[in-house]
Amino acid sequence: LHEILLKGGMKATDCVNVAASLKTSYGKNSDLDTLDVHQWKIQPNINVTMTPCETVAFNTGYTYDYYQSRGPVAIPLFDG
């Protein structure tokens, strides 16, 4: 399984912070002729924090998760 994670953030104004990340992974198993499995996942994320004063903070975020897998439903045990 290979995985990449990218993160970043910035201060948009004195009271607004924005953070974003992207996580993706790819895996493959083709050790056997009859078993060929691929999986792919991507997960973007965004987070916004607003602090109108020193004692109050509002935070909101969104994460989307996409997963795709290709693999056999059943593996033959006997051939012949």
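Keep in mind it's a predicted model, so treat the numbers as computed, not measured. Hydrogens, waters and symmetry mates play no part in the numbers below; they use all other heavy atoms, side chains included.
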Are Tyr64 and Trp40 connected in the hydrophobic side-chain network, where two residues link if heavy atoms are under 4.5 Å apart? yes
Which pair of heavy atoms, one from Asn47 and one from Thr60, lies closest together, and at what distance? OD1-O, 2.7 Å
With a cut-off of 6.0 Å (strictly less than), are more than 12 heavy atoms of other residues, nucleotides or ligands near CG of Asp14? no
Within a strict 4.5 Å, meaning less than it, do heavy atoms of the Tyr26 and His38 side chains meet? yes
Return the CD to OG distance between Gln39 and Ser25, rounded to the nearest 0.5 Å. 6.5 Å
Using the rule that Ile, Leu, Val, Met, Phe, Trp and Tyr join whenever any side-chain heavy atoms are under 4.5 Å apart, tell me whether Leu6 and Met10 fall into a single cluster. no
Within this structure, what is the NZ-CD1 distance for the pair Lys23 and Ile4, rounded to the nearest 0.5 Å? 12.5 Å
Going by the side chain to side chain contact (heavy atoms under 4.5 Å, CB included) test, name the single residue among Asn45, Ile42, Ile46 that passes it with Leu22. Ile42
Taking everything shown except Leu5 itself, do over 12 heavy atoms lie less than 6.0 Å from its CG? yes
Within this structure, what is the NZ-CG distance for the pair Lys41 and Asp65, rounded to the nearest 0.5 Å? 4.5 Å
Lys11 and Asn17: which non-hydrogen atoms are nearest, and at how many Å? CG-OD1, 3.2 Å
